[in-house]
Amino acid sequence: MSEDTLFSRIVAGEIPADIVFQDDRVTAFRDINPQAPTHILIIPNKIIATVNDVTKADEATLGHMFVVARDLAEQEGIASDGYRLLVNCGHHANQEVLHLHMHLVGGKPLGRMLSTKVRESS
Ligand code: AMP
């Protein structure tokens, strides 16, 4: 069994969160430190630490996360203007919580994906 994570405790209802969607496979809740008017995290209910830990058996759940993201973008009123879906993996991407999560960010122009500084140093 995987160790509990901050996010698995949100799934279990042990830690409060502003949950905007939940079913048997995924949970979506508002980011505690939003970077844009809409900033929602969509996570598998099952603990998958990082993208490196994804297996073939996770394909349906991971695909479902995109469908939920599409529906939430529509619900938030940001679908037509556009939004960003982002998944950080590991140290270089500054992944803070070791429970795979998709950021749904939108509601304002988001600029380029990476800052100039990061692109120049990579
Ligand atoms: P990442 O850097 O991709 O691992 O993103 C982790 C995200 O989790 C950050 O955007 C945090 O603001 C967010 N976060 C951390 N703790 C909580 C929490 N208790 N509820 C909601 N979002 C959280």
Side-chain angles (χ1 to χ4, degrees):
M1 272 286 277
S2 313
E3 296 273 315
D4 277 356
T5 67
L6 172 64
F7 289 171
S8 70
R9 297 191 67 202
I10 286 175
V11 172
E14 294 165 8
I15 292 179
D18 186 356
I19 292 176
V20 292
F21 177 83
Q22 186 164 43
D23 66 11
D24 59 331
R25 285 186 284 181
V26 311
T27 299
F29 50 96
R30 293 193 191 279
D31 195 290
I32 207 167
N33 183 24
Q35 304 298 307
T38 292
H39 189 168
I40 292 170
L41 301 176
I42 302 163
I43 69 170
N45 292 341
K46 168 196 162 188
I47 300 171
I48 303 169
T50 78
V51 173
N52 290 336
D53 302 295
V54 160
T55 69
K56 199 111 176 97
D58 299 319
E59 276 181 350
T61 298
L62 297 170
H64 186 50
M65 286 166 64
F66 275 90
V67 175
V68 170
R70 190 272 320 268
D71 289 348
L72 287 173
E74 188 70 39
Q75 197 175 298
E76 293 284 306
I78 61 173
S80 58
D81 281 338
Y83 50 90
R84 182 166 291 151
L85 299 176
L86 186 147
V87 179
N88 289 318
C89 177
H91 177 59
H92 276 189
N94 289 310
Q95 182 181 358
E96 287 171 20
V97 182
L98 289 178
H99 186 144
L100 190 151
H101 45 284
M102 175 188 279
H103 296 256
L104 164 61
V105 184
K108 69 173 187 181
L110 298 169
R112 296 190 60 140
M113 189 168 66
L114 298 175
S115 73
T116 306
K117 198 170 167 210
V118 172
R119 278 187 279 120
E120 281 172 356
S121 65
S122 61

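Everything numeric in this text was worked out from a predicted model, so none of it was measured. For ligands, and for the atoms within them, numbers begin at 1 and follow the listed sequence.
Contact detail for T5 and L98: the closest heavy-atom pair is CG2-O, 3.6 Å. Residues Y83 and A73 come closest through the heavy atom pair CE2-CB, 3.4 Å.
Considering N33, T38, D31 in turn, N33 is the only one that fulfils the side-chain contact (heavy atoms from CB on, under 4.5 Å) rule with Q35.
Protein heavy atom in closest approach to atom 5 (O) of ligand 1: H101 NE2, 3.1 Å. Closest protein heavy atom to atom 13 (C) of ligand 1: D31 OD2, 3.3 Å.
Near N88, the atoms of ligand 1 lying under 4.0 angstrom from a non-hydrogen atom of the residue are 1 (P), 2 (O), 3 (O). If you number the atoms of ligand 1 from 1 as listed, the ones under 4.0 Å from a heavy atom of L6 come out as 16 (N). Counting the atoms of ligand 1 from 1 in the order shown, those under 4.0 Å from a heavy atom of Q95 are 4 (O). Under a 4.0 Å criterion applied to the non-hydrogen atoms of F7, ligand 1 contributes the atoms 8 (O). Below 4.0 Å from some heavy atom of R30 lie the following atoms of ligand 1, by number and element: 21 (C). The ligand atoms of ligand 1 that sit less than 4.0 angstrom from a heavy atom of V97 are 4 (O).
In the hydrophobic cluster analysis, where Ile, Leu, Val, Met, Phe, Trp and Tyr join through side-chain heavy atoms closer than 4.5 angstrom, V26 is grouped together with L100. Each of V87 and L110 belongs to its own hydrophobic cluster when Ile, Leu, Val, Met, Phe, Trp and Tyr are linked at side-chain heavy-atom distances under 4.5 angstrom.
Nearest residue to atom 17 (C) of ligand 1 from N33, I32, L86 is I32 (criterion: closest heavy atom). Nearest-heavy-atom check against atom 2 (O) of ligand 1 across T50, L98, N94, V105 picks out N94.
In this structure, L86 and M102 have side chains that are not in contact, with every pair of non-hydrogen atoms separated by 4.5 Å or more. No side-chain heavy atom of F7 sits under 4.5 Å from any side-chain heavy atom of I47.
Distances between N or O atoms of E96 and those of ligand 1 include at least one value under 3.5 Å.
No part of Q35 comes within 4.0 Å of ligand 1, judged by heavy-atom distances.
When atom types are taken as modelled, the side chain of H99 and the backbone of P44 share a donor-acceptor pair closer than 3.5 angstrom.
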